[in-house]
A.B. asks: 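Sending over a structure as structure tokens; questions will come in a sec.
Chain identifiers are assigned alphabetically (A, B, ...) following the order of the sequence lines, protein sequences preceding nucleic acid strands; residue numbering begins at 1 within each chain. All heavy atoms count here, side chains included; hydrogens, waters and symmetry mates do not.
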Number of protein chains: 2
Amino acid sequence: MTVTIYDVAREAKVSMATVSRVLNGNPNVKPETRKKVKEVIKRLNYRPNAVARGLASKKTTTVGVIIPDISNLYYSSLARGLDDIAEMYNYQTIIANTDNDPVKERNSFLNLISKQVDGIVFLGGTLNDETIEDIKGSNVPVVICGTSEKDANLPSVNIDYFKAIKEISNHLFESGAKNIFFIKALYSQQLERHIEDGLKEAYKENNLPFKEEYIQEVATHYQAGRDVFDRLIDEENIDVLITMSDEAAVGMLHGAMDRGISFPNKLQLVSCSNTHLVHMMRPPVTSIAIPLYDIGAVGMRLLTKYMKDEPVDEPNVILPYIIEYRSSTK
Amino acid sequence: MTVTIYDVAREAKVSMATVSRVLNGNPNVKPETRKKVKEVIKRLNYRPNAVARGLASKKTTTVGVIIPDISNLYYSSLARGLDDIAEMYNYQTIIANTDNDPVKERNSFLNLISKQVDGIVFLGGTLNDETIEDIKGSNVPVVICGTSEKDANLPSVNIDYFKAIKEISNHLFESGAKNIFFIKALYSQQLERHIEDGLKEAYKENNLPFKEEYIQEVATHYQAGRDVFDRLIDEENIDVLITMSDEAAVGMLHGAMDRGISFPNKLQLVSCSNTHLVHMMRPPVTSIAIPLYDIGAVGMRLLTKYMKDEPVDEPNVILPYIIEYRSSTK
DNA sequence: TTATTAAAAACAAACGTTTACATATTTATT
DNA sequence: AATAAATATGTAAACGTTTGTTTTTAATAA
């Protein structure tokens, strides 16, 4: 039925060990023998069984990716970066969606461990203590992208959200803004906390009072962005909305315009994820150009180093960002 | 080091076979014994090695997903549907991006076969003869979503694109349109051919001449949509643009508006994929509401039937669609 | 009781590789 | 030419499960 390494060995009149060596590029094979074995492999259309390989070698060349939602552009952009580098290093990726549910997150992790993945990448997520305990307990390398989990002391790739938001906020304060709101969108808690902290810091540096109302929360989707005005219309003057989700940002744009609020004079808008959407908004929206694809790519590269026991000089990588000022702000 | 089924057997004073039976819910175990084994499993924090399992049972509870680009909303929406149902049936999904490159597509397929996946889903893609040969040669169940590949005689899930486009086109012709263009966007060739055929059929039914120029091609992204006017501006009058890519549709919208072309009086626009983007366009765009998530979900359900050798009454599923007429058309 | 059958558990052989270790062959050294 | 060293190949034991077959134990019938 299925052709195995035995069949190849028999046909090539060598031992299975020699076939295995040819397969794995072991140099201790006479070129002549190598050639003969390769011919038989081709003739029989033999393909090694990766599962058997995995059992014998304890390496599966598979990595797990734990992700809140693959149909969210933010995460799928990260995932694409991951996957491209994984492919480059001959790894395949198993993807598990969690919807930010800690229970699903933990189950996915344990599932991946069962499957003996060589490494795991977390994209965002909640990463509670229990999961972190599991991570430490297993000895599978883990890299976190897009959520800095400094306390957990795990390798990670990020931009400096704190600094980015502080920079943007300072710019906005300087041009006369007084009330800057941050609209959370249920992305990674860690990440959004950094944004909050950056905003608070900016308030402090500008000697302006920070109020709790400045932090609001919406879902990640368009309609949630539109609806934000139903809630905020009662609040004091709003000069700027900063939001995490591009999709919600489009909603805010439309919601405001439908109410006759014009950008950037009556209201300013800043978006913090950097999906394709930012290029499609009218008016163009000021945003932090996070290198999503690169974060994924660098994260996977970092993981390959751990998986291959290569030395790592900096486990917590901070990639540069650019703030792109567009006409949604003054 | 790692705790195995042997350790559990020893601690529980039974044979490994019994532990295995408990693990797999085999009824031939005395309740008392079952309880004892389960306790030891819990106490030792034992987790079965899925790789060893896969080798012994020849089932990996893993399915492969071959996809052009996970960072494209169209495909990631399909993928999410797939993944949710896969999870429901306790399968994990390995995702491989191909960028519609037939070579990558074939390599991914062979890789997945090596990994002994229990089934494979193709989302879009090119699926050339060589790959189809490989599929037939392996005896792994394959389901195709979003590309009807009727000639290949493979199970599939789709909507009736031909009918949908004919319906839309007839509607547009009836309200006075003469020149309807279809802008391909490098999605699945099969799928776009059905759209072309539907359009041609509508031209025929309305006794209007079909010209080759009515079919154009752009990339799938925003800028490509904007740029389409650089090319088409020279052409004869255009009444309607139908495009496959929502992202390109946004580009067309903006490109037209920048040229002072207004919707729907001077130009009408129809988009055929049904990503989140359709809800974010201004003006709202007429489109075919393809149930992307459901196509993925139904596709995975279909695949589970094949993987579990359950009877399948209809291997080629056609799901219903709705045409949502919005203000980008008359 | 004893014989017969059914249920529960154990035994041992797969599954298809990798990889120490042992052995055979070739090449280099004196 | 003999020996040592290096290279090439073979042998067999893992890897951690599942599963068909056999044995033991328990339940039922005569």
A.B. asks: Atom pairs, N/O to N/O, protein against nucleotides 10-13 of chain C, distance under 3.5 Å?
C.D. replies:
| unit_1 | atom_1 | unit_2 | atom_2 | d |
| --- | --- | --- | --- | --- |
| C/dA10 | OP2 | B/Ser15 | N | 2.5 |
| C/dA10 | OP2 | B/Ser15 | OG | 3.3 |
| C/dA10 | OP2 | B/Thr18 | OG1 | 3.0 |
| C/dA10 | N7 | B/Arg21 | NH2 | 3.3 |
| C/dA10 | N6 | B/Arg21 | NH2 | 2.6 |

A.B. asks: Need two values: the first and the last nucleotide of DNA chain D, 5' to 3', having an atom under 4.0 Å from any heavy-atom of chain A.
C.D. replies: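 The contact span of chain A on DNA chain D goes from D/dA8 to D/dG16.
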
A.B. asks: Can I get a per-line list of side-chain donor-acceptor pairs under 3.5 Å for residues 87-95 of chain B, giving both atom names and the distance, sequence neighbours left out?
C.D. replies:
| unit_1 | atom_1 | unit_2 | atom_2 | d |
| --- | --- | --- | --- | --- |
| B/Tyr89 | OH | B/Arg301 | NE | 2.9 |
| B/Gln92 | OE1 | A/Lys115 | NZ | 2.9 |
| B/Thr93 | OG1 | B/Asp83 | OD1 | 2.5 |

A.B. asks: Checking all strands, does B/Thr4 fall into the base, sugar-phosphate, or nothing category for heavy-atom contacts under 4.0 angstrom?
C.D. replies: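 Touches sugar-phosphate only.
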
A.B. asks: Say whether, by atom type as modelled, one donor and one acceptor occur between the side chain of B/Asn24 and the main chain of B/Asn26 under 3.5 angstrom.
C.D. replies: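 Between the backbone of B/Asn26 and the side chain of B/Asn24 there is no qualifying donor-acceptor contact (under 3.5 Å).
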
A.B. asks: Please round to 10 degrees the angle between the axis of the first five pairs and the axis of the last five pairs in the helix from C/dT1-D/dA30 to C/dT29-D/dA2.
C.D. replies: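 So the angle between the two local helix axes works out to 40°.
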
A.B. asks: For A/Val140, give me all partners under side chain to side chain contact (heavy atoms under 4.5 Å, CB included), at least two apart in sequence or on another chain.
C.D. replies: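 Residues passing side chain to side chain contact (heavy atoms under 4.5 Å, CB included) with A/Val140: A/Ile113, A/Ile120, A/Ser138.
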
A.B. asks: Contacts to DNA chain C from residues 109-116 of chain B, heavy-atom cutoff under 4.0 Å, which residues?
C.D. replies: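 Close to the strand, none.
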
A.B. asks: With sequence neighbours left out, what residues match B/Asp69 under side-chain hydrogen bond (donor to acceptor under 3.5 Å, both in side chains)?
C.D. replies: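 If we apply the side-chain hydrogen bond (donor to acceptor under 3.5 Å, both in side chains) test to B/Asp69, skipping adjacent residues, the hits are A/Arg80, B/Ser71.
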
A.B. asks: Tell me which residues in residues 43-61 of chain B lie within less than 4.0 Å of DNA chain C, going by non-hydrogen atoms.
C.D. replies: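 Correct list: B/Leu55, B/Ala56, B/Lys58.
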
A.B. asks: Mind checking what makes side-chain hydrogen bond (donor to acceptor under 3.5 Å, both in side chains) contact with A/Thr33, not counting sequence neighbours?
C.D. replies: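 Not a single residue meets the side-chain hydrogen bond (donor to acceptor under 3.5 Å, both in side chains) criterion with A/Thr33.
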
A.B. asks: Tell me the salt bridge (charged side-chain N to carboxylate O under 4.0 Å, His left out) pairs involving residues 40-66 of chain B, sequence neighbours left out?
C.D. replies: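 For residues 40-66 of chain B, and leaving out neighbouring residues, the salt bridge (charged side-chain N to carboxylate O under 4.0 Å, His left out) pairs sorted by first residue read B/Glu11-B/Arg43.
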
A.B. asks: Kindly write out the residues that satisfy side-chain hydrogen bond (donor to acceptor under 3.5 Å, both in side chains) with B/Arg34, not counting sequence neighbours, or none if the list is empty.
C.D. replies: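 B/Arg34: no side-chain hydrogen bond (donor to acceptor under 3.5 Å, both in side chains) contacts found.
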
A.B. asks: If the condition is side-chain hydrogen bond (donor to acceptor under 3.5 Å, both in side chains), which residues does B/Ser76 pass it with, not counting sequence neighbours?
C.D. replies: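 Partners of B/Ser76 by the side-chain hydrogen bond (donor to acceptor under 3.5 Å, both in side chains) criterion come out as none, since no residue qualifies.
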
